[in-house]
J.: 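Below is one structure. I have some questions about it.
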Amino acid sequence: MGPAFLAAVAYIDPGNFATDVESGADTGYQLLWVVLAAGCAAVPVQYLSAKLGIVTGKSLPESCRRRFGPRVSAALWIQAEITAMATDLAEFTGSAMALQLLFHLGPFVSALVTGGISYFLLDLYGRRRTWLERLLTLMLALLLLAFAYLTARGTFDAGAVASGLLPSVSGSKGALLAVGIIGATLMPHAIYLHSGLVTDRVRVRDPERIRRALRTERSQVFVALGIANVVNCLMLAMAAGVLQGVSPGDLSLTDTHRLLGTVLGGGAATVFALALLAAGLSSSGVGTLAGQVVMSGFVGRRVPAVLRRTVTMVPALAAAAAGCDPTQVLIVSQVVLAFGILPALVPLLMLTADRRLMGEFAVGRAALAGMSVLAGAIAAVNLLLVVLQVVR
């Protein structure tokens, strides 16, 4: 358990809940292959982020500041801050929705309670970093158990599951859901975060120690993101087995909670709300840590975590106070995040392929070519996501 598990939490946030659940309820298991593909694409990206931090002892934002100069770094910093706020917006909204579902609190009060809990998580990270890693890993395990339980309560069609592993998309709604899944899964803030969490893993720049650290981190990335991928698959499978055929056209998380209570009973609805709360709170804490890595790396100054948390949660509090539709807030936040993937991924590829910086640990030509194809695919998919959201 360690940095990879913290990064993995970002891949199971309320945005994933919204896209995975609606996909299962609307198209059954048809888009299961998209969930798997998006999760698998995240593995090499996260490993490269960790590799940069371990080999250089510098985070991705700090390396960008040193490599690209003040103007480019300033532009990268501004867009990274915007995506950080969009991340907080989605995660805050999900946590507040869960508190409303569980305790019937008002939207603004739920947002304030969420903020208070996130302050506690930040304090825990500052005092007992390993405790927070264990706590968030526990939340990851609880999410796995929660959706395994909900999936087991529904119907299971082995043939439909097998067909869902074959690439296919039908209709414009299916295409929209497919790109929405990818847009919600490949989180730019997690790329920045992982590189910053591992900078102190190798205190002596010895090649053998670096190799050992890279092997350990590679194993953790596979395990942590594997768990996150299974949870996302279970979300879709739960919706396909329980909600398909009984859900409205556009399924909100509130609708999901209500329908689960109707179909499976109040206990299942409560489990879903608790899972949403765990995902929102844990990913919110991770998002704030990512914001600290971004600020200290691009600007070269550390801002108190409490102050940063207060600033980044302002949009979420404003949306709650204004009575904005939570589902629409989640959609808008995912579109914003779509713009932030390439500005994080492209510099990462450039830096990890630089032999002057990485030495013998630089990415080889074949791996760089494969990652460049992945970057191109992400660019195309996220552009399509934005176009479909506008057209819709």
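Scope of the values below: all heavy atoms of this structure, side chains included, with no hydrogens, waters or symmetry mates. If you're wondering where the values come from, they're calculated on a predicted model, not measured in any experiment. FYI, the numbering just counts along the sequence from 1.
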J.: Return yes if a side-chain donor-acceptor contact under 3.5 Å exists between Y11 and Q46, otherwise no.
T.: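 The answer is yes; a qualifying pair exists.
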J.: Between S163 (side chain only) and A160 (backbone N and O only), is there a donor and an acceptor less than 3.5 Å apart?
T.: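 Looks like yes, one N/O pair under 3.5 Å.
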J.: Main chain of I191, side chain of S49: is a donor-acceptor contact present, judged purely on distance under 3.5 Å?
T.: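 Checking the backbone N and O of I191 against the side chain of S49, a donor-acceptor pair under 3.5 Å is found.
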J.: Is V373 isolated, or which residues cluster with it under the ILVMFWY side-chain rule of less than 4.5 Å, directly or via members?
T.: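 Members other than V373 - counting any ILVMFWY side chain reachable under 4.5 Å - there are none.
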J.: Can you name the nearest heavy-atom pair linking C233 to L36, along with the distance?
T.: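 In this case the closest contact between C233 and L36 is SG-CD2, 3.5 Å.
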J.: Is there a donor-acceptor pair closer than 3.5 Å between any side-chain N or O of S59 and the backbone N or O of G297?
T.: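 Between the backbone of G297 and the side chain of S59 there is no qualifying donor-acceptor contact (under 3.5 Å).
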J.: Passes side-chain contact (heavy atoms from CB on, under 4.5 Å), I54 versus T199? Steps please.
T.: CA-CA 5 Å; I54 289 172; T199 54; over 6 Å; no
J.: Compare every heavy atom of A375 with every heavy atom of L349, then report the nearest pair and how far apart it is.
T.: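 Distance-wise, the nearest heavy atoms are CD1-CB, 4.2 Å.
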J.: Under 3.5 Å, is there a donor-acceptor pair linking the side chains of S252 and D255?
T.: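 D255 and S252 do have a side-chain donor-acceptor pair below 3.5 Å.
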J.: Applying side-chain contact (heavy atoms from CB on, under 4.5 Å) to F5 and R134, what does each step give before you reach the verdict?
T.: CA-CA 9 Å; F5 287 85; R134 292 168 184 168; over 6 Å; no
J.: Centroid-to-centroid, F272 to Y149, below 6.0 Å?
T.: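 Here the rings of Y149 and F272 have centres that are no less than 6.0 Å from each other.
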J.: When hydrophobic residues are tied together by side-chain contacts of less than 4.5 Å, even through go-betweens, does L165 share a cluster with V34?
T.: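 L165 and V34: one cluster.
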J.: Kindly indicate whether the side chain of D20, heavy atoms from C-beta on, has any atom under 4.5 Å from the side chain of V35.
T.: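 Yes; the side chains approach each other to less than 4.5 Å.
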J.: If Ile, Leu, Val, Met, Phe, Trp and Tyr residues are connected whenever their side-chain heavy atoms lie under 4.5 Å apart, and connections chain through other members, are M350 and V294 in the same group?
T.: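 Both belong to a single hydrophobic cluster.
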J.: How far does CD1 of I181 sit from OG of S23, to the nearest 0.5 angstrom?
T.: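 If we round to the nearest 0.5 Å, I181:CD1 and S23:OG are 3.5 Å apart.
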J.: If hydrophobic clusters are built by linking Ile, Leu, Val, Met, Phe, Trp and Tyr wherever their side-chain heavy atoms come under 4.5 Å apart, do I210 and L357 end up in the same one?
T.: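 Yes: a chain of side-chain contacts under 4.5 Å links I210 to L357.
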J.: Do F222 and V198 belong together in a cluster built from hydrophobic side chains that touch within less than 4.5 Å?
T.: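 Different hydrophobic clusters.
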J.: Should M238 and V21 count as side-chain neighbours, where that means a heavy-atom distance under 4.5 Å?
T.: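 They are in side-chain contact.
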J.: Mind checking what makes salt bridge (Lys or Arg N to Asp or Glu O under 4.0 Å) contact with E62, not counting sequence neighbours?
T.: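 Salt bridge (Lys or Arg N to Asp or Glu O under 4.0 Å) list for E62, sorted by chain: R66.
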J.: Identify the residue among D13, L281, V9 that makes a side chain to side chain contact (heavy atoms under 4.5 Å, CB included) with V286.
T.: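 Single pass found, and it is V9.
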J.: Before giving the answer on side-chain contact (heavy atoms from CB on, under 4.5 Å), spell out for L52 and M358 the whole-Å C-alpha distance, their side-chain angles and the decisive distance to 0.1 Å.
T.: CA-CA 8 Å; L52 177 68; M358 300 290 289; 3.9 Å; yes
J.: Tell me the salt bridge (charged side-chain N to carboxylate O under 4.0 Å, His left out) pairs involving residues 346-367, sequence neighbours left out?
T.: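 Only R67-D354, R211-E360, D354-R356 qualify under salt bridge (charged side-chain N to carboxylate O under 4.0 Å, His left out).
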J.: Check M235 against N16 and note the closest heavy-atom contact, atom names and distance.
T.: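 Heavy-atom minimum between the residues: SD-O, 4.0 Å.
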J.: Is there a path of hydrophobic side-chain contacts, each under 4.5 Å between heavy atoms of I/L/V/M/F/W/Y residues, joining V43 to I341?
T.: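 No, no single cluster joins them.
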J.: Is there a donor-acceptor pair closer than 3.5 Å between any side-chain N or O of S282 and the backbone N or O of L136?
T.: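 Not confirmed, S282 side chain does not pair with L136 backbone.
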J.: First locate atom CE of M139, then atom CD1 of I12, and finally report the distance between them rounded to the nearest 0.5 Å.
T.: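 These two atoms lie 12.0 Å from each other.
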J.: Could you state the interatomic distance from CG (L374) to CG (L345), rounded to the nearest 0.5 Å?
T.: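 CG of L345 is found 6.5 Å from CG of L374.
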J.: Flag the pair L236 / F147 as yes when at least one side-chain heavy-atom distance between them is below 4.5 Å, and no otherwise.
T.: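 L236 vs F147: side chains apart.
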J.: Report the distance from atom CE of M97 to atom CG of L101, rounding to the nearest 0.5 Å.
T.: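 Rounded to the nearest 0.5 Å, the CE-CG separation comes out at 6.0 Å.
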J.: What are the two closest non-hydrogen atoms of P14 and S283, and how far apart are they?
T.: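 Minimum heavy-atom contact is CD-OG, 3.9 Å.
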J.: Is it the case that the side chain of E22 and the backbone of T19 share a donor-acceptor pair, with hydrogens and angles ignored and the cut-off at 3.5 Å?
T.: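 Not at all, since once roles are kept as given, no pair shorter than 3.5 Å links the two residues.
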J.: With rounding to the nearest 0.5 Å, note down the distance linking CD in E217 to NZ in K51.
T.: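 So the CD of E217 and the NZ of K51 are separated by 12.5 Å.
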J.: Roughly how far apart are I78 CD1 and T83 OG1, rounded to 0.5 Å?
T.: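 One gets 12.0 Å once the value is rounded to the nearest 0.5 Å.
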J.: If every non-hydrogen atom of A268 is compared with every non-hydrogen atom of R153, which pair is closest and at what distance?
T.: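 The answer is CB-NH1, 4.4 Å.
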J.: Yes or no on side-chain contact (heavy atoms from CB on, under 4.5 Å) for M371 and V45, after CA distance, side-chain angles and deciding distance?
T.: CA-CA 8 Å; M371 292 300 297; V45 174; 3.9 Å; yes
J.: Between S195 (side chain only) and L60 (backbone N and O only), is there a donor and an acceptor less than 3.5 Å apart?
T.: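 Confirmed, S195 side chain pairs with L60 backbone.
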J.: Please report the closest heavy-atom contact between P188 and G340, naming both atoms and the distance.
T.: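 Heavy atoms of P188 and G340 come nearest at CB-O, 3.2 Å.
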J.: Y192 vs F298 aromatic rings, parallel, tilted or perpendicular, using cut-offs 30° and 60°?
T.: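 Answer is perpendicular, since the angle exceeds 60°.
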